[in-house]
Number of protein chains: 4
Amino acid sequence: MKRTKPKYKQIVDAAVIVIAENGYHQAQVSKIAKEAGVADGTIYLYFKNKEDILISVFREKMTIFVENVKEILTKDLSTSEKLGKVVENHFRVLQDDPHLAIVTQLELRQSNKDLRFQINNVLKEYLILLDNLLDTGVKNEEFAVDLDLRLARQMLFGTMDETITSWVMNEQKYDLVSLAPKVSKMLLHGFQQK
Amino acid sequence: MKRTKPKYKQIVDAAVIVIAENGYHQAQVSKIAKEAGVADGTIYLYFKNKEDILISVFREKMTIFVENVKEILTKDLSTSEKLGKVVENHFRVLQDDPHLAIVTQLELRQSNKDLRFQINNVLKEYLILLDNLLDTGVKNEEFAVDLDLRLARQMLFGTMDETITSWVMNEQKYDLVSLAPKVSKMLLHGFQQK
Amino acid sequence: MKRTKPKYKQIVDAAVIVIAENGYHQAQVSKIAKEAGVADGTIYLYFKNKEDILISVFREKMTIFVENVKEILTKDLSTSEKLGKVVENHFRVLQDDPHLAIVTQLELRQSNKDLRFQINNVLKEYLILLDNLLDTGVKNEEFAVDLDLRLARQMLFGTMDETITSWVMNEQKYDLVSLAPKVSKMLLHGFQQK
Amino acid sequence: MKRTKPKYKQIVDAAVIVIAENGYHQAQVSKIAKEAGVADGTIYLYFKNKEDILISVFREKMTIFVENVKEILTKDLSTSEKLGKVVENHFRVLQDDPHLAIVTQLELRQSNKDLRFQINNVLKEYLILLDNLLDTGVKNEEFAVDLDLRLARQMLFGTMDETITSWVMNEQKYDLVSLAPKVSKMLLHGFQQK
DNA sequence: TATGAATGAGATTTCATTCAT
DNA sequence: TATGAATGAAATCTCATTCAT
């Protein structure tokens, strides 16, 4: 279960491609192995089972979101500006990796409850960062003092998620990132409630 | 493929129960048949295949949402007030039918891409009503004139959806309907953008 | 799990043939199904899993031994004569069904500990009958009064088992049943210990 | 394929431990290698394949039995007394090495027919010694003149084997060696048939 | 000699769907 | 209409063995 060796990364990347191109239920281990250029059995030197591959895909890729957002949060910007950057980042990461967008928005949701539970655990770290951001906005009075943090975060995440899913289901035909400012603007107005 | 005979409804209702109680992947046709009190083969006199049962579940239940929203839209209320009623209705219908909430928010999402595309088609009628509502709000200047209708609707639906999913994943432990006013308030501020 | 329908018996009989001809580890479910003239899946309408087929083979066939011995025990014969008949019966049943002999003496012993534990449970009924026979012989003073029943039964069963296994490993080349009198005679002398 | 180097013995001993503790089917080559403190690949410098390890286990351990029996046969004792010593030796060797008892009586019997045929070949040397002993007993008229040597040996070995297997399956809870005199006595009466 | 990462063949079981009755 | 026994395709994972170092 070495998570640093290049072969580990090879397999994770192969999994994203195979799932995106074949769909969750047609992403057999043998297909992933072939795409990664290894034998079927080799997969099991790096992953406990198939579910472990999928959760790893999500964990590895989620890192990008989390790292980026962490960096944004350290910047010398207003909370509103930071929120704008967060939305833009979320859209950009997925627009830049169309395979990943399909996997996170459509395919990985077909997983069973167990796997989704694990995915949610990974997601939690990201959601906490969003919570922190919103909390800061309330504290420094950029957002309404009586803002319900949980609802606000659900609005933030739900809006981004639905926007991206629609974009993916429309076959990524339009430019997602360019919608970020409008989305941020609406969300900010919602949070400001002056 | 008679959709009026009582047995048709029996099977749809059985499907909701079986899926809610066993989960999507454990909802075998034979279980649904047993719950409905018919033989496995009988299912296929009323439904083309398993997918057809699931899409029917969604279609039948969606009717409630659509009927309620249509009625709300005919009322003599401001667009903002109507939007509040729509959010409350969405929350109330699912709070009143916990099985249905589990099925729509968690279980049916595990279906494959094909089925989800079909579900989205059924959903479209509901989304169009939301679009109409938002459009009216823009036209009568309750909402910002430059509101991007599609994004606004994605924010509206995405927020409601994420809020309900969180509630279901928290085992429906708190009162969902009582959150509706706060959610509406945030959304309205977002749409007004004065 | 119908154990009376003809298909159940068909599958058990097919299993004996397939195991005898291919060996335990080459007796795939699909081979058994083919030999029985049913689809692979049909097996699972009658058996919980593969292990259940194998234990059923043993249980069904063991019945013959048990029935025969029970009948012998009711006869109006001396204990020594009954013991002779028991040995002869044991040899005859296996000589008459060469496939079964291979399965019980060689193939089924390759099963894992779990299955062997279950097989031993089935065997126990037969061993108890042997115990009863020996006990009667002690009580009516045909056998030594200080005979250790457990050891005596282990000698009885162990001798029969080893004799048959040797015969099977010699490809059943000689007449097994004709050896029964000599075997009984030795055993009886052992038990009598005058 | 050096059978003298210490690593060869290391591996054989490791195999006995691993099989006894994990069972035949859970005794993977990698486990044996680990227990022996060598790399998986190293095994194949000393053994042709896995089967070769197992047969070697049997061959190495069988030596103890054979040596002991050979020594007994040279002693200045009656055939009956020698037979008593042989039974006692057989019981004692296995009682003194509980791992070995489990391996020979339960685990190695799960091997496939091929391996068991090879094991029987190794066993043959031991069985020939038993044959010789019995033959001497006939020649010097301690045993019945018309004793069927093969059957007598099958009774001797089968009885010992069944007795030990029962003891192992009863988790070696009672003293096996102390049963030897009773077992010998029964066998001797069987062979004497006066 | 020794290593251990990589290989890849192979089989049980599930379950949507059919069809003879 | 209704039944339910029968079908059969399809995929994860293990582990003995190899071979480059």
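So you know, we letter chains A, B, ... as the sequences are listed, proteins then strands, and number each from 1. None of these values were measured; they are calculated from a predicted model.
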**Student:** CZ of B:Phe47 versus P of E:dA16: gap in Å, rounded?
**Tutor:**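 Rounding to the nearest Å, CZ of B:Phe47 and P of E:dA16 are 15 Å apart.
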**Student:** Looking at A:Tyr46, I'd like to know whether one of its side-chain N or O atoms comes within less than 4.0 Å of OP1 or OP2 on E:dA5.
**Tutor:**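 No.
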**Student:** Nearest to the side chain of C:Val29, which nucleotide is it out of E:dG8, E:dT17, E:dT13?
**Tutor:**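 The closest nucleotide is E:dT13.
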**Student:** For F:dT3, take OP1 and OP2 only and decide whether either is under 4.0 Å from a side-chain N or O of B:Tyr44.
**Tutor:** no
**Student:** Report the base-pairing partner of F:dC15 (Watson-Crick or G-U wobble, both distances below 3.5 angstrom), or none.
**Tutor:**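 Paired with E:dG8.
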**Student:** A quick test of your reading: do over 12 heavy atoms of other residues, nucleotides or ligands sit less than 6.0 Å from CD of B:Glu125?
**Tutor:**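 Atom CD in B:Glu125 is not packed in, count stays at 12 or less.
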**Student:** So does A:Lys7 get a side-chain nitrogen or oxygen closer than 4.0 Å to the phosphate oxygens (OP1/OP2) of E:dA6?
**Tutor:** yes
**Student:** Separation of A:Lys31 atom NZ from F:dA10 atom P, in whole Å?
**Tutor:** 11 Å
**Student:** Rounded to whole Å, please give me the gap between CG in C:Leu54 and C1' in E:dT12.
**Tutor:** 12 Å
**Student:** Using modelled atom types only, decide if a donor and an acceptor are shared between the side chain of C:Lys31 and the backbone of C:Gln26 within a distance under 3.5 Å.
**Tutor:** yes
**Student:** Using whole Å, what does the distance between atom C1' of nucleotide F:dA5 and atom CD1 of C:Ile11 come to?
**Tutor:**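 Interatomic distance, CD1 of C:Ile11 to C1' of F:dA5: 12 Å.
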**Student:** Between D:Asp40 (CG) and F:dA20 (C1'), how many Å, whole number?
**Tutor:** 16 Å
**Student:** Could you tell me the Watson-Crick or G-U partner of F:dA20, where both distances fall under 3.5 Å? Say none if there is no partner.
**Tutor:** E:dT3
**Student:** Need to verify one output field. Residue with the more 5' nearest nucleotide on DNA chain E, C:Ser30 or A:Val38?
**Tutor:**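 The residue mapped nearer the 5' terminus is A:Val38.
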**Student:** A:Asn120 and A:Phe58: side-chain contact (heavy atoms from CB on, under 4.5 Å), yes or no, with the steps?
**Tutor:** CA-CA 10 Å; A:Asn120 275 321; A:Phe58 199 78; over 6 Å; no
**Student:** If each of A:Gln26 and C:Gly37 is mapped to the nucleotide of DNA chain F with the nearest heavy atom, which maps nearer the 5' terminus, i.e. the 5' end?
**Tutor:**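 Comparing both residues, the 5'-ward one is C:Gly37.
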**Student:** Taking the nucleotide of DNA chain F with the closest heavy atom to each, which residue, B:Gly41 or A:Gln28, is nearer the 5' end?
**Tutor:** B:Gly41
**Student:** Whole angstrom is fine here: how far is it from CG in B:Asn49 over to P in E:dT17?
**Tutor:** 5 Å
**Student:** Please state whether the rings of A:Tyr8 and A:Phe47 are parallel, tilted or perpendicular, taking 30° and 60° as the class boundaries.
**Tutor:** parallel
**Student:** Verify side-chain contact (heavy atoms from CB on, under 4.5 Å) between A:Thr165 and A:Val168, making sure each step is shown before the conclusion.
**Tutor:** CA-CA 5 Å; A:Thr165 299; A:Val168 173; 5.7 Å; no
**Student:** Identify which one of A:Val122, A:Ile119, A:Val57 satisfies the side chain to side chain contact (heavy atoms under 4.5 Å, CB included) criterion when paired with A:Met62.
**Tutor:**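 One option only clears the test, and that one is A:Val122.
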**Student:** Which comes earlier along DNA chain E counting from the 5' end, the contact point of C:His25 or that of A:Ala39, where each point is its nearest nucleotide?
**Tutor:**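 In this pair, the answer is A:Ala39.
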**Student:** Report the distance from atom CD of C:Glu51 to atom P of E:dA11, rounded to the nearest whole Å.
**Tutor:** 18 Å
**Student:** Taking any strand in view, what nucleotide pairs with E:dT14 in a Watson-Crick or G-U wobble way, both distances under 3.5 Å?
**Tutor:** F:dA9
**Student:** Roughly how many Å is it from NZ in C:Lys48 to P in E:dT14, rounded to a whole number?
**Tutor:**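 Going from NZ in C:Lys48 over to P in E:dT14 covers 12 Å.
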**Student:** Look at the side-chain N and O atoms of B:Thr42 and state whether any lies under 4.0 Å from the OP1 or OP2 oxygen of F:dT3.
**Tutor:**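 Affirmative; the distance criterion is met.
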**Student:** Ignoring the backbone of D:Leu45, work out which of E:dG4, F:dT12, E:dT1 is nearest its side chain.
**Tutor:** E:dT1
